[in-house]
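Just so you know, ligand 1 is whichever comes first in the structure, and atom 1 is the first atom listed for that ligand.
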Amino acid sequence: MSFDSATSLAGLWDSLLPIGRDDSTGGYRRFSWTPEDQQCRAWFTSAAAERGLRTHSDRNGNLWAWWDWPDSSPGPASAADAAGGSGPSGSGVSPEGTVPPRAGAAGGSGPSGSGVSPGGTVAPRAGTVVTGSHLDSVPDGGAFDGPLGVVSAFAAIDLLRSRGFAPARPVAVAAFCEEEGARFGVACLGSRLLTGAITPDAARAQRDVNGISLAEAMAAAGHDPEGIGPDEDLLASIGAYVELHIEQGRALADLDCAIGIAEGIWPHGRWRLDFTGRADHAGTAALAGRHDPMLPYAAAVLAARQAAAANGTLATFGKVIAEPGGANAVCSTVTAWLDARGPQETALRATVDEVLAAAERAAGLHGVTVAVRPESITPPVTFDPGLRERVAASLGARGITAPVLPTGAGHDAGVLSALLPAAMLFVRNPSGVSHAPAEHAAAADCAAGVEALAAVLQDLAG
Ligand code: GLV
Ligand code: MN
Ligand code: MN
C-alpha cells in the first residue's frame, strides 16, 4: 500500500486543531501550564503512543518521544558524526566552535533497547537526531507556528516507516515549553532551561500577568519546579536538532519555493517598561498638574517606530497594560513591552537605546518614573554550516530546491544551536502573516515539508 504523507499529516493536524482555539477570533491561546497546554501535552503523548514511541517529560517540562533503533546495541556513533561529521562540510561544529566533542558523551550507556529505565526515567543515548518544535502560542496566534513542526515530525516518522526505513541512530520528537514566552515573558524558556541559558531561580521567579510564578504554575500542573535546570545527559545525547517551522514572512512565496532552509536568526529581545505616575480624575485634574504615565508611553511608541526605521531594524510595542484602567481616570501605571530585532547587534542596540532615551526624556517632562527590565535577550544565531549543507544536500538529492533564508523570528533551534548542531526548514506561508490567525500554509506545502523533513532524518539517522 502506498503511503500518503498528507493523510498522516491531516489526521495529526485535525486532532490538534481544536485545542485552545478561540471561536470568536479563530486564534489560538495555548499558554504553558494551563488546561489548554495540558490538552496539547496529552495530544503529544497520545500521538507518540499511537506510533509506539516512548514519551517523557524532561525536568523542564519539555516533551520527548523516542523512536528506538531496532537492535539493542549501544549508540553507533558520536553525535557530531550524526550531525554532520560525515557530511559535505564534515565539521559538525558551529562557527563559534562551541559544539563540545560529543563522541561517547552519553556513551550509549542507556539501557538497551528502550531508552527508558524501569522507573520510567530516560537514559538518553548518544547521537540522537531530534526534530520537533513547540505547541504553545502567542495570544490569538496562528495554527501553524510551532505545531506544524511537531505534527510534521510524527508524520515524517510515519513516512519513513512506511518506506521500511530503520534508523541506525535514535530519533526523537521534541515539543519545547513556553517557546513564545507568552505567559512568563522569556521566549524559549524550555530550551533555555535545558541548555542553562537561564538559571532555575530566575525562571522559577518569572510571573504571568496575574502574578502567578512559573514555579506555582508548574506545581499546579503537577510538575516539580524544584527539578528544573540544565540537563547535561539529555543534551549530550543529541547529535543534531532539526526544526521544521512555517515561514514567518513571504520570501518563499516570492521565490516560488515550498521549502526553505534557515541561515540564522537576527539578534532580538524584549524589554519591559514600567511607567509610574499618579492616578487622577479625567474631568477635574488640570493638564499642568498631571503625572500621566500614558504620555511617556506614547512617546516611546513613536520613538520605536522612528528608531526602527532609522536603524534598519524592527521595534514593536504589542502589549500594554494601563492600570487601574478607568476610562474616566488618569492611570497610575502603564506597563509596556518593547520587542526589538535587527540584522546586526549594533543597529539593534542603537534602536533600543533611542527608544529608552525617549521614554526617559518624556517621563521626566511629565513627572513620571520609568523602570526598564530586559526580559528575554537572544544573541544572533548562525546555524551550523556543516549541518545546513548536509540538509541542503539531502533535499537536493530529492530534487527539492530550498533557498537559504535569515529570519527575525526566534526559535528553540536558535537556543540549542549554542551547544549543538541545529538546523531549520521553513514551509511557505503565502499570507506572509504570523502570530495571527491569518498565518497559513497550503496542505500540499505541508506535505512537501514532511517529505523534506523525512529526507533529512533519513540522512542523519541512517
Ligand atoms: C517567536 O516566535 C518570536 O520570535 O517571538
Ligand atoms: Mn512564534
Ligand atoms: Mn515558533
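- Using a distance-only test at 3.5 Å, with no hydrogens or angles considered, no donor-acceptor pair links the side chain of Ser152 to the main chain of Gly149.
- For ligand 1 and Ala409, the ligand atoms under 4.0 Å from any heavy atom of the residue are 4 (O).
- With contacts defined as side-chain heavy-atom distances shorter than 4.5 Å, the pair Ser8/Arg51 qualifies.
- Among the backbone and side-chain atoms of Glu180, none of the N, O or S atoms lies under 2.8 Å from the Mn ion (ligand 3).
- Take the N/O/S atoms of His134: the one nearest the Mn ion (ligand 3) is NE2.
- Ranked by closest heavy atom to atom 5 (O) of ligand 1, the top entry among His268, Glu180, His411, Arg341 is Arg341.
- Atoms of ligand 1 lying under 4.0 Å from at least one heavy atom of His435, given by number and element, are 1 (C), 2 (O), 3 (C), 5 (O).
- Under the 6.0 Å cut-off for aromatic ring centres, Phe44 and Phe154 qualify, their centroids lying closer than that.
- Atoms CG and CZ, on Asp37 and Arg183 in that order, are 9.0 Å from each other to the nearest 0.5 Å.
- Atoms CG and OG1, from Leu63 and Thr55 in turn, are 7.5 Å apart once rounded to the nearest 0.5 Å.
- In summary, the aromatic rings of Phe176 and Tyr241 are positioned with their centroids under 6.0 Å apart.
- Contact check on Arg250 versus Asp254 returns a salt bridge, with a Lys/Arg side-chain nitrogen under 4.0 Å from an Asp/Glu carboxylate oxygen.
- Distances between N or O atoms of Gly410 and those of ligand 1 include at least one value under 3.5 Å.
- Note: no N/O pair closer than 3.5 Å links Asp339 and ligand 1 by distance alone.
- Distance check for Asp145 against the Mn ion (ligand 2): an N/O/S atom falls below 2.8 Å.
- Checking His411 against the Mn ion (ligand 3), every N/O/S atom stays at or beyond the 2.8 Å cut-off.
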